[in-house]
Every structure is written in structure tokens, then in C-alpha cells.
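See below for the structure under consideration.
Atoms considered below: every heavy atom in the structure, side chains included; atoms not considered: hydrogens, waters and symmetry mates. Not measured: the values here are computed from a predicted model.
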Amino acid sequence: MLERDEWFISQHQLDELTRVLAYPKFSFSKAQQERIRAFVCAHTVLVRPKKEHCIIQEDLADNRILDIAAECHAEFIITGDNHLLKLGRFQETLILTPAQFLEKL
């Protein structure tokens with residue numbers, strides 16, 4: 001069982017979430033977008049990484065996730081992103097799919 005259940009996010013990731021929630025393909029109303037963002041903000045810890053990593057060359061934005069993990073000494077990154085999953089591990093952080101993470105619970 002996991003001992004720590006804090007979830008971390010950076011301003012960069014919040015900005016990305018805001019942008020993605022507005023995609024027409026999701027058809028979220030402005031009110032829904034605001035509720036989702038508010039939920040995420042209420043259930044995550046905002047961090048400001050001190051260091052920017054440049055490990056993933058294929059998609060430089062993916063490195064911002066690594067920045068958060070390094071700053072917070074995260075136990076896991078849970079993702080469906082293939083660039084991150086190919087790493088398998090970053091420093092002390094395991095990189096898992098949601099299904100792999102659920103197996104660990």
C-alpha cells in the first residue's frame with residue numbers, strides 16, 4: 001500500500017490543463033472547465049521546480065513532468081505518454097501506466 005498520497009502539479013501543467021480542457025473535441029462548457037480545474041487545484045500541491053530537465057528530446061514539454069518529479073522526489077509518474085513510459089524510471093521515480101499503478105495498490 002502507498003504511504004504517501006500527495007499529487008503534484010506545476011503552473012506549466014495547470015496552464016496545459018486549461019488549454020486542453022478548452023479543446024472543442026471535449027465539448028466542456030466554461031463552467032465544466034472551471035470545475036475540473038478547481039478540482040485539480042484542490043487535490044494537488046502546486047510546485048515550482050527549480051531545475052529544468054532536458055531528457056526527452058522528442059517532446060520537450062514532457063520534460064516538465066520530470067521537473068516536478070525531481071523537485072518533489074515523487075515515487076511515481078502515472079502516464080499514458082510513450083516518451084515518459086520509455087524511460088521506465090527517472091531518478092528515484094517509477095514511470096507507470098495507470099494499469100501498472102493500480103496493480104501496485
N/O donor-acceptor pair under 3.5 Å between Gln32 side chain and Ser29 backbone
yes

With no hydrogens and no angle check, is any side-chain donor or acceptor of Gln91 less than 3.5 Å from a backbone partner on Ala70?
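Between the backbone of Ala70 and the side chain of Gln91 there is no qualifying donor-acceptor contact (under 3.5 Å).
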
Interatomic distance, [X] atom [atom1] to [Y] atom [atom2] [nearest 0.5 angstrom]:
X      : Y     : atom1 : atom2 : answer
Asp67  : Ile55 : CG    : CD1   : 9.5 Å
Phe101 : Ile78 : CZ    : CD1   : 3.5 Å
Leu84  : Leu66 : CG    : CG    : 5.5 Å
Lys86  : Asp62 : NZ    : CG    : 10.0 Å
Glu71  : His53 : CD    : NE2   : 9.0 Å

Under the criterion side chain to side chain contact (heavy atoms under 4.5 Å, CB included), I'd like the reasoning laid out for Ser10 against Leu14: C-alpha separation, chi angles, the key distance, then a yes or no.
CA-CA 6 Å; Ser10 69; Leu14 276 175; over 6 Å; no

Please lay out, stage by stage, how Asn63 and Glu52 fare under the test side chain to side chain contact (heavy atoms under 4.5 Å, CB included).
CA-CA 7 Å; Asn63 290 295; Glu52 286 191 4; over 6 Å; no

Validation row: Leu21, Phe26 side chains within 4.5 angstrom (heavy atoms):
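A side-chain contact is absent here, since even the closest heavy-atom pair is not under 4.5 Å.
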
What residue among Leu96, Ile77, Thr97 forms side-chain contact (heavy atoms from CB on, under 4.5 Å) with Leu85?
Thr97

Do Thr18 and Arg37 have side-chain atoms, one donor and one acceptor, less than 3.5 Å apart?
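Checked: Thr18/Arg37 side chains pair up, N/O donor to acceptor below 3.5 Å.
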
What residues form a ring-ring contact (aromatic ring centres under 6.0 Å, His included) with His12, not counting sequence neighbours?
none

